[in-house]
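Reminder, nothing fancy here: chain letters follow the sequence lines and each chain counts from 1.
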Number of protein chains: 2
Amino acid sequence: MARQARSEGDRHSVAPDDRAQPEKGLPAAVVARLTIYLRALNSFLADGVDRVSSDALAEASGVSSSTLRKDLSQLGSYGTRGVGYEVENLLQHLSAALGLTRDWRVAIVGAGNLGRALARYGGFGTRGFDVVALLDTDPQIIGNEIGWLRVTDAANLEAVFERTRANMAVLALPASVAQSVCDRVVAAGVRSILSFAPTILQVPPGVTLRKVDMATELQILAYHAQRGESGGESGQPSAAAAHTQAHDDAARHRGPSA
Amino acid sequence: MARQARSEGDRHSVAPDDRAQPEKGLPAAVVARLTIYLRALNSFLADGVDRVSSDALAEASGVSSSTLRKDLSQLGSYGTRGVGYEVENLLQHLSAALGLTRDWRVAIVGAGNLGRALARYGGFGTRGFDVVALLDTDPQIIGNEIGWLRVTDAANLEAVFERTRANMAVLALPASVAQSVCDRVVAAGVRSILSFAPTILQVPPGVTLRKVDMATELQILAYHAQRGESGGESGQPSAAAAHTQAHDDAARHRGPSA
DNA sequence: TAGATTGTTAATCGATTAACAATC
DNA sequence: TAGATTGTTAATCGATTAACAATC
């Protein structure tokens, strides 16, 4: 007999709507773009450029200069009219706004193919993120050395998180165990989670979960590819699919009142 | 003189709205959510559930039922008032809308740690995506067998893409070579690219590029973590950071005229 | 100064939500 | 029928764009 799916009440709808409203916070779309600007600025810095206009930075970032200036103006007034922005200075302010001036301690849970690849990916893109632990349940894998780390037993997850004072977790797990491990990670006090597990996860309010998933990305590509085809390869531009940097901007976060 | 609005005589009231418009396409945010619904529906299906209400599906997907119904109604009228949606039926329609009823041939360029992990990740999340090639430039790696595949020489990229008729590419490359390889992939005729390279890439109109990047994700987490802290761990809910599934919805695509 | 470019405003555009009539 | 739930409309909310006054 097929069960009827029920709405299961609310797992976390309590939402005291406390109204204190201390600070609004940046819109999610803006935060996502700040990371792009950061990368573009680093690239300018590496090229020895020490000053950029909003036009140049916007072009390098793939956004309009209007959007760029609006975004930056939400952080403060870090440019000079008639001149532009100092690369190094703006980099500082962006880093500060994103919370990158401190170190974050990341534990990777799951040392399969993907977990190991992530652990070995030393640079971690930008400095500021230290991988402090790599956990797995497989006895064949526990104890192995990957990069700088030794794989520890996920059975001791709580102890490992406490010892390493990990405050971010990356989940590189099969879908089947992702939710239960996620729950343990949350119970261990972690409030920032990045999941590569191909499944929807539920977390309580106050925990930020982001999700990266190749299947999803390919599905979205498929949608656009399908659309781009109908017009034929005849060069008809109006039939062409969308293009250009489609980062994961505008990630939606529901506020604590949701 | 502005023409007076005419009452238009109600000749044919329910204007079929068959505007010239070659088809507007779904908003990016909607497409992203469709992939989530797809996953949630598959999970219901696996649980033997064969009918869901918008409420139940919305909850499982982490969206409001209003949004869910609005999204689905853009595809057509696939529910039954008073009853709900048939899981299998809706799954069909979503798959069709996303272009998942055909097979896509994916070439992975870069067989380093990440590329190998992606190649081995056989299931590829959902069926419909066949990995047809895995390329690298490293002589130490070329010829190795990874999963079902043998690593081929990226020097022959064009030939390999033609032979395998790859129509999607996954870039798992260092930033330094990403743009030039990307250009070659585009020149080879691929119009759908998923990049894991930690750099901003430029592609011409008509090519859809999506980007996945751990550094970016961690930076966004850092922003929220930083915010969530000021209130202290004292359980003050209004100080809590955002929470819940933050998929990469709402990816921005600029139109071909940009 | 004259030229350049920011920061900001107002207008536009798009997406989400609430509510309810349609209808199974 | 009475109850349930969709599909859709109108209202709200938020984000992007264009334009320009401020100002270096």
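With sequence neighbours excluded, the residues forming a side-chain hydrogen bond (donor to acceptor under 3.5 Å, both in side chains) with D183(B) are Q179(B), listed by chain and number. Applying the side-chain contact (heavy atoms from CB on, under 4.5 Å) rule to A197(B) yields the partners A178(B), S195(B), T199(B); only residues at least two apart in sequence or on another chain are considered. Residues forming a side-chain hydrogen bond (donor to acceptor under 3.5 Å, both in side chains) with S43(B) (at least two apart in sequence, or on another chain): none. Residues satisfying the salt bridge (Lys or Arg N to Asp or Glu O under 4.0 Å) criterion with R102(B), sequence neighbours excluded, are E229(A).
Look at S53(B) and you won't find any side-chain N or O under 4.0 angstrom from OP1 or OP2 of dA4(D).
No donor-acceptor pair closer than 3.5 Å links the side chain of W104(A) to the backbone N or O of L221(B). In this structure, the side chain of S61(A) engages the main chain of L57(A) through a donor-acceptor pair within 3.5 Å. Checking side-chain atoms of Y223(B) against main-chain N and O of L26(A) turns up a donor-acceptor pair under 3.5 Å.
For the pair L57(B) CG and dG7(D) C1', the computed distance is 15 Å after rounding to whole Å. Atom P of nucleotide dT5(D) and atom CZ of R51(B) are separated by 10 Å, given to the nearest angstrom. In this structure, CG of L68(A) is placed 10 Å from P of dG7(C), rounded to the nearest angstrom. Following rounding to the nearest Å, D55(A) (CG) and dG3(C) (P) show an atom-to-atom distance of 18 Å. Remark: P of dT5(C) and CD of E59(A) are 14 Å apart, rounded to the nearest angstrom.
Of all the heavy atoms in N167(A) and S192(A), the pair that sits closest is O-CB, 4.1 Å. When every heavy atom of D213(B) is checked against every heavy atom of T216(B), the shortest pair comes out as OD2-OG1, 2.8 Å. Nearest approach of E217(A) to V212(B), heavy atoms of both residues: CG-CG2, 3.6 Å.
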Under 4.0 Å protein heavy-atom contacts per nucleotide of nucleotides 18-24 of chain C, with B for base, S for backbone only and - for none = BB-BBBB

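Remark on the helix from dG3(C)-dC24(D) to dC24(C)-dG3(D): inter-end axis angle 10°, axes from five-pair C1' superpositions, rounded to 10°.
Listed by first and then second residue, the salt bridge (charged side-chain N to carboxylate O under 4.0 Å, His left out) pairs that reach into residues 42-64 of chain A come to none, sequence neighbours excluded. For the ring-ring contact (aromatic ring centres under 6.0 Å, His included) condition, no pair includes a residue of residues 49-71 of chain A, sequence neighbours left out.
For the side chain to side chain contact (heavy atoms under 4.5 Å, CB included) test with I220(A), the passing option among L34(B), L194(B), V31(B) is V31(B); the others fail.
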Can you list, pair by pair, the side-chain donor-acceptor contacts under 3.5 Å of residues 69-83 of chain A, counting residues two or more places apart and other chains?
residue, atom, partner, partner atom, Å
R69(A), NH1, S54(A), OG, 3.0
R69(A), NH1, S65(A), OG, 3.4
D71(A), OD1, R33(A), NH2, 2.9
D71(A), OD2, R33(A), NE, 2.6
D71(A), OD2, R33(A), NH2, 3.2
D71(A), OD2, Y37(A), OH, 2.6
S73(A), OG, R69(A), O, 3.3
S73(A), OG, K70(A), O, 2.8
Y78(A), OH, L75(A), O, 3.2

For nucleotides 11-15 of chain D, give me every protein contact, N/O to N/O, under 3.5 Å, one pair per line with atom names.
none

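With rounding to the nearest 0.5 angstrom, the CG atom of L91(B) is 5.5 Å from the CG atom of L38(B).
Near DNA chain D, meaning a heavy atom under 4.0 Å from it, residues 87-94 of chain B has no residue at all. Within residues 72-79 of chain A, the residues that place at least one heavy atom under 4.0 Å from DNA chain C are, in residue-number order, S73(A), S77(A), Y78(A), G79(A).
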message = Please determine whether side-chain contact (heavy atoms from CB on, under 4.5 Å) holds for the pair V186(B) and I193(B), giving the CA-CA distance in whole Å, both sets of side-chain angles, and the decisive distance to 0.1 Å.
response = CA-CA 9 Å; V186(B) 169; I193(B) 300 173; 3.7 Å; yes

